[in-house]
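Only one structure is covered here, and it is reproduced in the block below.
The sequence lines fix the lettering, A, B, ..., with proteins before strands; numbering per chain opens at 1. Since we're looking at a predicted model, the values are computed, not measured.
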Amino acid sequence: MKSFEEIVEILKNYFSDTSIEPKSDVKFEPYIIIPPQEIDKVCLFLRDNSELYFDSLVNLSAVDDFNGQKIKDEQGNEIMQGGTMSVYYHLESIKYRHKLLLRVITERDNPVVNSVTSVWNSSNWHEREAFDLFGIKFLNHPDLRRILMPYDWEFGYPLRKDYQNPEFYQGMKVPY
Amino acid sequence: MSVRTEEMVLNMGPQHPSTHGVLRLELTLDGEIITKVVPHIGYLHRCFEKHCEVMSYPQVIPYTDRMDYLAAMGNELGYVIGVEKLLRIQVPERVEYIRVIMAELQRIASHLVAIGTYGADIGAFTPFLYCFRDRERILNLFEITCGARLLYNYIWVGGLSHDLHPDFVRLTKEFIKEFKPNLRELNNLLTYNKIFIDRTANVGILPLETAINFGVTGPMLRASGLKWDLRKDDTYSVYNKFDFDIPIGEGKMGTVGDSWDRYYVRVLEMEESLKIIEQAIETLPDGDVTSAIPKKIKPPVGHVYSRVENPRGELGYFIISDGSTSPFRVKVRAPSFVNLQIMDELCRGHLVADVIAILGSVDIVLGEVDR
Amino acid sequence: MIYDFLNDLTGSPFIAGTITALLPLFAFILPFALFAVLLERKVAGHMQDRLGPMRVGYHGILQTVADIIKLIQKEDIIARNNDKLLFNIAPVLTFAGSYAAFAAIPFSSVFLGANIDLGIFYIIAVTGLVVAGILMAGWASNNKYSLLGAMRSAAQIISYEIPTILVVLSIVMLTGTMSLYDLSESQTSYFWNWYLLGGPEFEIQKFLLIPFMLIGFLIIYISTLAEVNRTPFDIPEAESELVSGYHTEYSGMKFAMFFLAEYANMFAVSAIVVALFLGGYQSPFGYLGNLLNINWLIPLEQFFWFTFKGIFFVFVQMWLRWTLPRLRVDQLMAASWKYLIPIAFFNLLIIGIISIL
């Protein structure tokens, strides 16, 4: 069992030229911020390192941070410009019983994150869900399709905070 | 001479008697042999996570009921534990005991459905009704406790909506006494039936490494041979006060991690749940169950991941608070959602009839898969 | 026989033939199907700790009548892409196959549609029509589930016909007759004369035969169970896999025809088993009519014993259905080709050796 500081130390030693940014001043759960293009390499290291051995991805959640600039579009709806989106990775090592929370921050206007499906298969559907509901594109994902919404849904990503319902979907009126 | 053969695509579902709801499986068949399974989900998507962002914290609880509707108590428990962690509330001992009793009764009820419908999938219809007969009694217990039989809204942040009914302890003891012989009868009728074993043993074998890599949890993971149960390994509520075992798959009838093991782990878990309920009822402390309920729920800024062992596996809630009265984001790690991913891995090379046997042993609830 | 009797009475072969042909349908098959459906639901209900139908009539005895009335009123749906001709013929053919079998079943010494010398051979041949009907239904429905169900059904019925015939052959070899009437007549009166217990000849052979007859009886019962698609061999209509197999697309009376055929078939195969092994229509304990010297009572008693034995085996089929899970296709085939057929062959061989001793 390794503490958060020890894990950060190991990571910093190995990834010396990558920005590994630990945040331990938050309440409840400290986390490490990883750049979106490095997440798959970091995860592979975390899984295969014999001291860490994070063999299980418990959860992967995308979050719309909603911290950009609010502007009005033509219809007068409030939309967001700029800002960031995050993806949180909850890792756990069944062997050593330690846990870790990673966070990836990407641009809200063009969210692109490297997929970790090659590391843990369990992330496959989680990433599809994040793509479906937030529009985050996961590079190198084997099967990035919509999962919960209909395949022909073209009205945006519902879990974004500024999402607006379409007027009609396949001839059916949506707001009732 | 070579004959041109063609693969056939068979759509199983969304309306099919044994997809347990509205799951669509796109099966690619070579004769009757499965070459590929693509699950299509989302037919029951009700935007739970979007709803949460406009609801206040207590208002979310009834929505959690509707995810895994066969294990609503467990869903409430997971969410409430998360919010309590955010608020740093200590709940009274009696509340914790009642929560454990409810969660374990719910586990038995849920496993009864899983086992019963599994039998029905394999073609044995009678065990299904035997299971539902016993489940009905648990639902009656819930009904006298909180008035609802399926979706309870019983476990609240910091407490419970009602105290126990005065008859609850007596009726639960009666239920346990009568349920034990029924379980034996079920085992004789279905578990050790030769045909049932032939249909399920060595079918859909899930090796442990694959299971962990796919994030499989709950009875499925334990059937693959890992003693991993959040009630013991990442203990919550008052589970550490009770003495119970974690059954794992031993490959008694075939290989470790086959469908029969997954089925049998559930049967054994019901017995363990009975043990917990018996102990909890014997040592049930007195107290007020509503005293710790906060007047206003406004957690500080922060995020928390709370998880409980639901009948289907690890149920996690990732709750982010922005300091207002409603959550900023709630992400649910639904066990069925993660467990269902493995269908393709398990089914390839088996027959169509085995898909049913495997899907039944994965035990999904579509309300939770689609949320 | 009943035909000769009617021919003498009316003097017209046509009327006699028509009545003889329709008698089993109206006197037996329809009432039996009504009764059997109710029995099935009641058996299922009581086995499953519930009551079954209770609303229509006393304890629901009119339930199936109400069901039939409902089915008659239902819209007869034919999907656009069905092969209409085959789709319409299939239920008729299926029903005709199982109905035709009743012509040669000896209900009593006087109630026998046609006393054919090749009775058992005729029944086995004519029930083959059922397979054709099922295949037609599956193909014409233009539905993948129906087609899979029909294919499985054809494979299953053909595979299980072999052990059935092998066992039938051993009895035929022993008795030297294929007429079900002669077979029933030879197992006179008392139950120790049944072929299940070695046959009527009281010699050393009888005792040698008993174990092999028991094996034969088990084989033929299992394989006839498979031939009528009952659990644990109900794979063609496996509800949880193939929705309901070849009759998924049928509605209204056409569906009822399949249903009727299924129940008629259940009795037909039980009747074969009874006629071959359990004395046919013979009473196990001697006749009341002989005791009281009332001759006309004997055929009625025979009719009672025959239906009683038949319905008992139908009940056993229901009992099995509500107890056992279902086999898988390959296991089903393995059961037939790897176990039943070799055992039936050896059984046949041994019975042959014993009979020439």
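Looking at A:V58, both its backbone and its side chain come within 4.5 Å of chain B, counting heavy atoms on both sides. Using a 4.5 Å cut-off between heavy atoms, B:L226 contacts chain A through its side chain alone, with no backbone atom that close. At a 4.5 Å heavy-atom cutoff, the contact between A:R160 and chain B is made by backbone atoms alone. B:E314 touches chain A through its side chain: at least one heavy atom from C-beta onward sits under 4.5 Å away, while N, CA, C and O do not. For chain A, the nearby part of B:V301 is the backbone; its heavy atoms alone come within less than 4.5 Å. Using a 4.5 Å cut-off between heavy atoms, A:L60 touches chain B through its backbone atoms (N, CA, C, O) alone. Looking at B:D234, the atoms closer than 4.5 Å to chain A (heavy atoms on both sides) all sit in the side chain, from C-beta outward. Residue contact with chain A, scored on non-hydrogen atoms closer than 4.5 Å, involves the backbone and the side chain of B:L340 alike. With a threshold of 4.5 angstrom between heavy atoms, B:V38 approaches chain A through side-chain atoms but not through N, CA, C or O. Contacts of A:R145 with chain B are made by side-chain atoms alone, with heavy-atom separations under 4.5 Å and no backbone atom involved. For a residue to count as touching a neighbouring chain, one of its non-hydrogen atoms must lie under 4.5 Å from one of that chain's; by this rule A:D143 does not touch chain B.
For A:H141 and A:F131, the ring centers are positioned 6.0 Å apart or more.
Note on ring orientation: taking the six-membered ring where Trp is involved, the planes of A:Y88 and A:Y31 are perpendicular (angle over 60°, cut-offs 30° and 60°). Ring orientation note: the planes of B:F318 and B:Y305 are tilted relative to one another, at an angle of 30° to 60°.
Between chain A and the residues B:H303, B:R307, B:E49, the largest count of heavy-atom pairs under 4.5 Å involves B:H303. Between chain A and the residues B:L86, B:I342, B:V216, the largest count of heavy-atom pairs under 4.5 Å involves B:L86. Of all the listed residues (B:E209, B:K85, B:H40), the one sharing the greatest number of non-hydrogen pairs under 4.5 Å with chain A is B:H40. Comparing A:R47, A:K99, A:R146, A:M149 by heavy-atom pairs within less than 4.5 Å of chain B, the highest count is held by A:K99.
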Discussion item. Does B:R371 form a side chain to side chain contact (heavy atoms under 4.5 Å, CB included) with B:H51? I'd like the steps, not just the answer.
Written reply: CA-CA 11 Å; B:R371 300 186 296 279; B:H51 277 344; over 6 Å; no
Discussion item. Could you go through B:T210 and B:E345, starting from their C-alpha distance and side-chain angles, then the distance that decides it, and tell me whether this counts as side chain to side chain contact (heavy atoms under 4.5 Å, CB included)?
Written reply: CA-CA 9 Å; B:T210 321; B:E345 198 77 11; 4.0 Å; yes
Discussion item. Assess the residue pair A:Y89 and A:I39 against the criterion (side chain to side chain contact (heavy atoms under 4.5 Å, CB included)); give the C-alpha distance rounded to whole Å, side-chain angles, the decisive distance to 0.1 Å, and a yes or no.
Written reply: CA-CA 10 Å; A:Y89 300 78; A:I39 182 72; 3.8 Å; yes
Practice prompt. May I have the step-by-step check of ring pair (Phe, Tyr, Trp, His ring centres under 6.0 Å) for A:F155 and A:W153, ending in yes or no?
Written response: CA-CA 6 Å; A:F155 310 102; A:W153 191 260; 5.1 Å; yes
Discussion item. Assess the residue pair A:N140 and A:T117 against the criterion (side chain to side chain contact (heavy atoms under 4.5 Å, CB included)); give the C-alpha distance rounded to whole Å, side-chain angles, the decisive distance to 0.1 Å, and a yes or no.
Written reply: CA-CA 8 Å; A:N140 305 327; A:T117 308; over 6 Å; no
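At a heavy-atom separation below 4.5 angstrom, chain A is approached by B:F328, B:R329, B:K331, B:R333, B:F337, B:V338 within residues 327-338 of chain B.
Tested against B:Y79 for a ring pair (Phe, Tyr, Trp, His ring centres under 6.0 Å), the candidates B:F48, B:Y63, B:Y317 yield a single pass: B:Y317.
We find that A:K95 and A:D55 are not joined by a salt bridge, their nearest charged nitrogen and carboxylate oxygen being 4.0 Å or further apart. Ion pairing between B:D68 and B:R312 holds under the 4.0 Å rule for side-chain N and carboxylate O.
B:E26 places a side-chain heavy atom less than 4.5 Å from the side chain of B:R24.
The side-chain tip of B:K232 points at the ring of B:F244 from less than 6.0 angstrom away and within 45° of straight on.
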